[in-house]
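Below, each value reflects all heavy atoms present in this structure, side chains not excepted, and no hydrogens, waters or symmetry copies. What you are looking at is a predicted structure, and each value in this text was computed from that prediction instead of being measured. Residue numbers begin at 1 in each chain, while the letters A, B, ... track the order of the sequences.
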Number of protein chains: 2
Amino acid sequence: MRLVIAQCSVDYIGRLRAHLPLATRLLMVKADGSVLVHSDGGSYKPLNWMSPPASLRIMTPEEADTELGVTEVWNVQHAKSDDRLVINIHELLHESSHDLGVDPGLVKDGVEADLQRLLAEQIHLAGTGFTLIRREYMTAIGPVDILARDAAGATVAIELKRRGDIDGVEQLTRYLELLNRDPLMAPVRGIFAAQQIKPQARVLALDRGIDCLTLDYDMMRGVDDVESRLF
Amino acid sequence: MRLVIAQCSVDYIGRLRAHLPLATRLLMVKADGSVLVHSDGGSYKPLNWMSPPASLRIMTPEEADTELGVTEVWNVQHAKSDDRLVINIHELLHESSHDLGVDPGLVKDGVEADLQRLLAEQIHLAGTGFTLIRREYMTAIGPVDILARDAAGATVAIELKRRGDIDGVEQLTRYLELLNRDPLMAPVRGIFAAQQIKPQARVLALDRGIDCLTLDYDMMRGVDDVESRLF
DNA sequence: TAATATATCTCGGCA
DNA sequence: TGCCGAGGTATATTA
């Protein structure tokens, strides 16, 4: 990885066009040819960047640019598209190079897949007497997160989200419509389950006869830990 | 901005939990207290990070950690939530600090707003004899991108996207449902316009009687340039 | 402040 | 490889 602090202007031409006026910024060149242009604020998103795979060519500026104070031109070309990043460097303030090696990568816990596993194991949280039919029940339009049977023997489709938004209700609605076309399965009712359900999503769900279920991940994980410890 | 290359392990605890095993990485500390952990690959997204506003406290490790080789513990605490990033530093390989100043920021061209302006100007692309009623036509549930009148005098609602996904079709469906409740406006038909329309979205749109329109931004901008040059 | 739509989204999974 | 869904989505706009 190469780190450069420089006074520069940046232009991106590709899926859109974007321009950064002259200022002092961090330029990060990664081993895969990707380049990130960061300012000293904002979030983790760079001001401008080039995704890998890409190649960096450092060129001498044309005469007109030299007169404007440009000392180097970095041409970062994406390997598989016409996307291009052009960095006009006016002054190099710092430069260093480092060998980082390959990263072992991130281990996550608490994403939708974990929620799904826990709810499948603790399906009684969806309702008393519920039994699991299966997770990731495939249909023509995609997988239903959890398919279960309620105490009365009726089929229930459960859509899981970390954050319950209107999109999720639409998604579950499409599944229910499809499942209810199958006479062997109908009637199928729906449960929209999430750690947090937005008011609008709740209104839409109830309007469509879909039950809402708020999940407490920490509690569910706690139960999971206790159960794991028993075996 | 402070740049550190270090052998470290990282833990994030907040909306979820995430762990990075020991490896050499770049740590970027920005002026607003945000911290980015980057490896020498991937794209612009850091392996792990803390969003601003945040504060960094550097602490001496506990004895047990010292024995494992930890020399410094960075505790990055978000200012407005319980999100926390803990970086256990084993070896500092490089360190430098830089004053970047405030960035003037990015200028963009070619986002949805530009597409919308161009299609409004070239509304004939939606169909022969089309006339523009208005852009951003407000309804109770949000603005319809473009409202137009077709050759026969019927109202047409156009939803614009750069990438036509299923969400956009749902959005347009909601608008059409609402607009068609108004007897003065009904019947209103829909056109789903995008630079690229995903197959699933196309199927759903056609199933709901919504026409699809693929837009060529470069061509539209080219026409725009030519027209601009005439005046 | 809260909700909504966009993104050069990125990233992972699966056909 | 392309499509599809999730994201600690982040970010800008607007009511």
side-chain N/O A/Trp49 vs C/dC9 OP1/OP2, d < 4.0 Å: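 So the side chain of A/Trp49 is outside the cut-off, no N or O lying under 4.0 Å from OP1 or OP2 of C/dC9.
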Between the protein and nucleotides 11-15 of chain C, which nitrogen or oxygen pairs come in under 3.5 angstrom?
unit_1: C/dC11; atom_1: OP1; unit_2: B/Ser43; atom_2: OG; d: 2.9
unit_1: C/dC11; atom_1: OP2; unit_2: B/Ser43; atom_2: OG; d: 2.6

A/His38-B/Lys30 side chain donor-acceptor pair, cut-off 3.5 Å: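 Their side chains do contain a donor-acceptor pair, which is all the 3.5 Å distance test asks for.
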Polar side chain donor-acceptor pair, B/Gln196 to B/Lys161, under 3.5 angstrom: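 Absent: no donor and acceptor within the cut-off.
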Take atom [atom1] in [N] and the same atom in [M], then report the distance between them in whole Å.
{"N": "D/dA6", "M": "C/dA7", "atom1": "C1'", "answer": "15 Å"}
{"N": "D/dG7", "M": "C/dT6", "atom1": "C1'", "answer": "15 Å"}
{"N": "C/dT8", "M": "C/dT4", "atom1": "P", "answer": "22 Å"}

Might you list the N or O atoms of the protein lying below 3.5 Å from N or O atoms in nucleotides 3-5 of chain D, with each pair's distance?
unit_1: D/dC4; atom_1: OP1; unit_2: B/Gln200; atom_2: N; d: 3.3

Name of the residue among B/Glu159, B/Glu177, B/Glu170 meeting salt bridge (charged side-chain N to carboxylate O under 4.0 Å, His left out) with B/Arg208: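 Only one of B/Glu159, B/Glu177, B/Glu170 forms a salt bridge (charged side-chain N to carboxylate O under 4.0 Å, His left out) with B/Arg208, namely B/Glu170.
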5′-ward residue of the pair A/Lys80/B/Asp83 relative to DNA chain D: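 This one resolves to A/Lys80.
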A/Arg17 bridged to A/Asp11 by N-O distance under 4.0 Å: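 A salt bridge is absent here (no side-chain N lies under 4.0 Å from a carboxylate O).
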Nearest-nucleotide pick for B/Tyr12, side chain only, options being C/dT6, C/dT8, D/dG8: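 Nearest nucleotide to the side chain: D/dG8.
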Secondary-structure string, 5' to 3', Watson-Crick or G-U under 3.5 Å, | for another-strand partners, for DNA chain C: |||||||.|||||||
Sub-4.5 Å side-chain heavy-atom contact between A/Tyr137 and A/Tyr175: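 No, too far: nothing below the 4.5 Å cut-off.
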